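As the structure lists them, so they are numbered: ligands from 1, and atoms in each ligand from 1. This chain uses plain numbering: 1 for the first residue, then up along the sequence. None of these values were measured; they are calculated from a predicted model. Computation of the quantities below employed the complete heavy-atom set of this structure, encompassing side-chain atoms and omitting hydrogens, waters and symmetry-equivalent molecules.
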Amino acid sequence: MRFETVAIHAGTQITDIRRPVTQPITLSTIFEHREDSLIYTRAANPNRLALENLLAKLEKGKDAAAFSSGNAAGMAVFQALPAHSHIIAPEDMYHGLKKQLVEMFKGKLEVTFVDMAKAENIGSAIRSNTALLWIETPSNPLLKITDIKAACAQVSEIAGIKIVCDNTFATPVFQNPLDLGADIVMHSSTKYLGGHSDILGGALITKEEDAFWEQIRLVQQVGGAVPSPFDSYYLTRSIKTLAYRMKGHAEHAGIIATYLENHQNVEKVFYPGLKSHEGFEVASAQMTGFGGMLSFLYRGTAGETDKMIAKLKFFTNATSLGGVESLIERRAAVEGPDTTTPQNLVRVSVGLEHLDDLLSDLDGALG
Ligand SMILES: *Cc1c(COP(=O)(O)O)cnc(C)c1O
C-alpha cells in the first residue's frame, strides 16, 4: 500500500458485527474481563490503538505511542533516559522542549546545544554519558536543515546513543527519519497531522521494540499523558487527508516563497525549497517535498512589520502552524525580550486557501 492508501485504511479497526465503515468512538474507560479484552483506557483504548497502528505504518516503524501533546511525547523520551544522561540537541530546538531540558530536567539530565546545520558539531559534543541525539529538521523559525544521515553517522559507532528526530514540520509525507538512521520519530500532531488547529496531540514512532521503547511505553501508560478517545478519533480522521493537504501546503509555500524572494520590500526568504536556502541540497536529498512553512525578513522596523501584518485579511496573526488556514506572526514579538530572532522576521504557515487570494492579499500588504 502507498502512503495515501495507508492513511485512509490503516486507522480503522472494526469489531462491531454490524460493520460501520468508520470506527466508532469508544468512550468506556473500562472493559469487561475476558481473555482478549482491553482493561483500562489509560493503558489502551480502541481509538488510540487504531491511531497508533496508523502512525507506525505512516512512519514505517514497528510501533507507535500517542500522547496528549507534542511536549508530552518529547518528555516521555527524556523521562525514559537513565538519570544524569547527556543529550545533544539543536540550538534552535522547539522552544517548549528546550525549556523542559533547561528548566524541568535541570540537575537531572545534562544537555549540550549545537548548530546541527553542521553535523560535525555533534561529534565534538559527545561525552561518555551521552545517551540521546535529538534532531529537528526543518527547524524553527529559519527552516534550517540537518542532514539526518550525516548526523546519525556521527554517533552510530557508539553503543547506547538513541537518535530521535522531531518530524513535525516535514511530516511523514515528505520525510521518513527512520529510513535515514533515526531510532524514533517524534511528532506534534497538533500541527499538520491534525491539520485543522483543533486537536492537541503528540506521538512517538519506533524502529525497534527494544528496552528503551518499553521504557517509553511505561512512561505513556503509567505516566498517563494519553490522548482521549475523541482526540484519537479526530486525529485518525484528519490523517486520512494528510497527503493531499501537504501537497497543497507545499505547492502554495513554494510559489509564495518565490514571490516573496522577488519582492522589493523583502530582504531575505527562508524556505528549504529555494535554491538560495543554505539547506537546499540536503533537503532535496532527504525530503520529497519542502513543506508549508517559510519565514522572511521584511524591509522595515518591528513597528512597520506589525503594520504590514495587520493589513492582511487571510493570514491570521497567530502562533502555531499546520492548519488549513494561513497564519503569520512576527516571531520576536512572540519569543519575548531576550530573543535573538531579528525583529523583522516574519514566520508564515501557508494554508490551503486559493493561491490567488493569498498572493493578492500579500500584494496589498507588502506594497
Ligand atoms: C508545536 C511543536 C512541538 C510541541 O507540540 P505541542 O503539541 O504544542 O505540545 C514540538 N516540536 C515542534 C517542531 C513543534 O512545532
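For the atom pair I145 CD1 and E136 CD, the distance stands at 11.0 Å (nearest 0.5 Å).
No side-chain N or O of Q264 forms a donor-acceptor pair with one of R299 less than 3.5 Å apart. Under 3.5 Å, the side chains of T305 and Q343 contain no donor-acceptor pair of N or O atoms.
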Extract all donor-acceptor atom pairs below 3.5 Å that involve side chains of residues 64-74 and protein atoms in other chains or at least two apart in sequence.
unit_1: S68; atom_1: OG; unit_2: A225; atom_2: O; d: 3.3
unit_1: S69; atom_1: OG; unit_2: N71; atom_2: N; d: 3.4
unit_1: S69; atom_1: OG; unit_2: A72; atom_2: N; d: 3.0

**Request:** May I have the step-by-step check of side-chain hydrogen bond (donor to acceptor under 3.5 Å, both in side chains) for S276 and E261, ending in yes or no?
**Result:** CA-CA 9 Å; S276 59; E261 197 166 48; 2.5 Å; yes
For ligand 1, output the ligand-protein N/O contacts shorter than 3.5 angstrom; if there are none, return none.
unit_1: ligand 1; atom_1: 5 (O); unit_2: S188; atom_2: OG; d: 3.0
unit_1: ligand 1; atom_1: 7 (O); unit_2: G70; atom_2: N; d: 2.9
unit_1: ligand 1; atom_1: 7 (O); unit_2: S188; atom_2: OG; d: 2.8
unit_1: ligand 1; atom_1: 7 (O); unit_2: T190; atom_2: OG1; d: 2.6
unit_1: ligand 1; atom_1: 9 (O); unit_2: G70; atom_2: N; d: 3.1
unit_1: ligand 1; atom_1: 9 (O); unit_2: N71; atom_2: N; d: 2.8
unit_1: ligand 1; atom_1: 11 (N); unit_2: D166; atom_2: OD2; d: 2.7
unit_1: ligand 1; atom_1: 15 (O); unit_2: K191; atom_2: NZ; d: 2.7

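Between W134 and Y94, the gap from one ring centroid to the other reaches at least 6.0 Å.
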